[in-house]
Amino acid sequence: MSIQSVRGMPDVLPSESAKWGYLEHQVRQLFASYGLVQIRTPIVEQTGLFARSIGDVTDIVEKEMYSFADRSGESLTLRPELTAGVVRAAIEHGLLHNQTQRLWYQGPAFRYERPQKGRYRQFHQIGVECFGIADAMMDAELIEITEQLWRRLGIREALTLQLNSIGSPEARSAYRDALVSFLEQHRESLDADSQARIDRNPMRVLDSKDPNTQQILVDAPSILDALTDEDRAHFDRVCTALTEAGVPYVINDRLVRGLDYYGRTVFEWTTTQLGAQGTVCGGGRYDGLVAHLGGKATPGVGFAIGVERLVLLLETLDAFPADLERGCEVYLMLQSPEAEPALRRLASQIREAAPELRVMTHIGEGSLKSQLKRADKSGALVGLILGEDELRTGQVQVKPLRGGETQTVDYADAVAYCQRLRKAQWII
């Protein structure tokens, strides 16, 4: 029996990897322009970290975590999300002592759920976490960062920003009472999961995907009516900042997000292009999480982007650059074995002068005709050809492979020609 990948944990093949590389390149440039610095945390953490941060009565903790006992008997879990690990690392290494942090991350996470397009058991997230800044302007800036990313990628018009405030703990406590009172009146008409959540985590009912339950919730009380004066002022400041920045939004008072640590601002970027898996990015404020995990009370706010869904959206909208799958830009060929050392020296000179270019040298035997076929198949923009004549004169043939006249030039001119390719197009 052949060994295959684990269900719901797909391979990212070379043709897809190029798309991921393009997305990650755009993310790195944008995040750097906002002064964000990267953090990398382990994919395995103590199980208690997620039970405490996400919430014991969430679907993630109850049904979806990959947990196991290691050889010492300690319960460990493959991370189902990355925020908790970032908070743990910030506390453990003293990153929050009298300082602010603006961090970003990328990497895989794991949840045991039914695999479907845009939803996998191993999935990847890119996200940002900012600590030590309670001002609502931090919430607004993070939302602006995501909006700038959509614009860079050329997909802004396909996404809608949904925004809400779930208030402070005091506001949520008062709202729970009103919500439970409403839900009890309709208990028998709710789906089974929602019935169970009334007693354990009633706000999670608002996140139900059951159509009948959603219809009942149309008449449910709004959490916006339960906000304290401070909650309202914070939310108004976020909304005003977004309006001033020209970022349109829709207020959705049923938006609660799927994790227990959120408070006040919550948001999602959604699309109608992907069917049921329409949430591409989500986040919000979590001022109580650091203290809940054992650190000193520290405000926090962040977001996470689902990489697979974003790649799927870019594919659906045909928004990737056309030349992403090119294997290289420069392909070097030789017409005689004696030219091979010079060919390799020339390749090294090009790589040193233009390190961002992908440069491939022909290896093995083959006529010039067969080498040209390989060069064309590689997607290269230009072929460089060395033979006995060129070796004797210190020159090289420069053959444009996508249209243009072949030239014979000095090595230095060939290197300069290749350098100009970088300015002519986008290259990972």
Side-chain angles (χ1 to χ4, degrees), residues 34 36 53-55 58 81-84 86-87 100-104 125-150 159-176 179 203-204 206-207 221-270 279-292 297-306:
Y34 278 86
L36 304 175
S53 62
I54 296 172
T58 60
E81 57 93 42
L82 280 75
T83 298
V86 172
V87 173
T100 62
Q101 295 288 348
R102 304 187 188 194
L103 310 173
W104 75 275
Q125 292 185 336
I126 294 171
V128 172
E129 313 293 351
C130 296
F131 301 103
I133 304 172
D135 196 305
M137 288 302 296
M138 192 72 254
D139 309 29
E141 180 165 295
L142 290 192
I143 294 172
E144 289 177 35
I145 290 174
T146 57
E147 204 245 5
Q148 286 298 312
L149 180 59
W150 314 145
L159 289 155
T160 298
L161 172 61
Q162 298 192 40
L163 187 65
N164 192 25
S165 174
I166 57 174
S168 57
E170 295 77 17
R172 290 195 296 280
S173 178
Y175 178 65
R176 279 193 197 95
L179 181 61
M203 286 185 64
R204 192 74 63 219
L206 299 176
D207 205 33
S222 171
I223 193 169
L224 295 177
D225 295 331
L227 298 183
T228 66
D229 291 343
E230 288 185 2
D231 294 337
R232 171 57 65 182
H234 185 99
F235 190 50
D236 287 346
R237 185 163 161 77
V238 173
C239 293
T240 299
L242 293 175
T243 299
E244 292 174 347
V247 180
Y249 58 86
V250 175
I251 293 179
N252 176 3
D253 64 358
R254 299 293 183 260
L255 178 62
V256 294
R257 299 291 296 143
L259 307 173
D260 276 358
Y261 50 65
Y262 285 111
R264 288 194 169 166
T265 308
V266 290
F267 67 91
E268 289 183 351
W269 285 97
T270 62
T279 300
V280 173
C281 170
R285 182 160 284 279
Y286 48 85
D287 289 347
L289 182 57
V290 175
H292 187 61
T298 305
V301 61
F303 66 79
I305 298 167

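- The distance from atom CD of Gln162 to atom CG of Leu255, rounded to the nearest 0.5 Å, is 6.5 Å.
- In this structure, the side chain of Thr243 engages the main chain of Cys239 through a donor-acceptor pair within 3.5 Å.
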side-chain hydrogen bond (donor to acceptor under 3.5 Å, both in side chains) between Glu230 and Thr228, intermediate numbers included: CA-CA 5 Å; Glu230 288 185 2; Thr228 66; 5.5 Å; no
Verdict with reasoning, Ser53 to Thr83, per side chain to side chain contact (heavy atoms under 4.5 Å, CB included): CA-CA 9 Å; Ser53 62; Thr83 298; over 6 Å; no
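- One distance of note links SG of Cys281 with CD1 of Ile145; it measures 10.5 Å at 0.5 Å rounding.
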Steps toward side chain to side chain contact (heavy atoms under 4.5 Å, CB included) verdict (Leu179, Leu206): CA-CA 10 Å; Leu179 181 61; Leu206 299 176; 4.3 Å; yes
Chi angles and distances behind the side chain to side chain contact (heavy atoms under 4.5 Å, CB included) call for Val86, Phe131: CA-CA 11 Å; Val86 172; Phe131 301 103; 4.0 Å; yes
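- Without hydrogens or angle criteria, Ser173 side chain to Glu170 main chain gives no donor-acceptor distance under 3.5 Å.
- Of all heavy-atom pairs between Met138 and Cys130, the closest is CE-SG, 3.9 Å.
- Residues satisfying the side-chain contact (heavy atoms from CB on, under 4.5 Å) criterion with Arg237, sequence neighbours excluded, are Asp135, Ala136, Met137.
- When all heavy atoms of Ser222 and Asp253 are compared, the pair lying nearest together is OG-OD2, 2.8 Å.
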Verdict with supporting geometry, Tyr286 and Glu129, side chain to side chain contact (heavy atoms under 4.5 Å, CB included): CA-CA 10 Å; Tyr286 48 85; Glu129 313 293 351; 2.5 Å; yes
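- How far CH2 of Trp150 is from CG of Leu161: 10.5 Å, rounded to the nearest 0.5 Å.
- Checking side-chain atoms of Tyr175 against main-chain N and O of Pro221 turns up a donor-acceptor pair under 3.5 Å.
- For the pair Ala140 and Ala241, the tightest heavy-atom approach, listed with the atom from each and the gap, is CB-CB, 3.6 Å.
- Taking CD from Glu144 and OH from Tyr34, the interatomic distance works out to 6.0 Å, rounded to the nearest 0.5 Å.
- Closest approach of Gly167 to Asp231, counting heavy atoms only: CA-OD2, 3.5 Å.
- Expressed to the nearest 0.5 Å, how far OH of Tyr249 lies from CZ of Phe267 amounts to 14.5 Å.
- Note: Arg254 CZ to Met203 CE = 10.5 Å, rounded to the nearest 0.5 Å.
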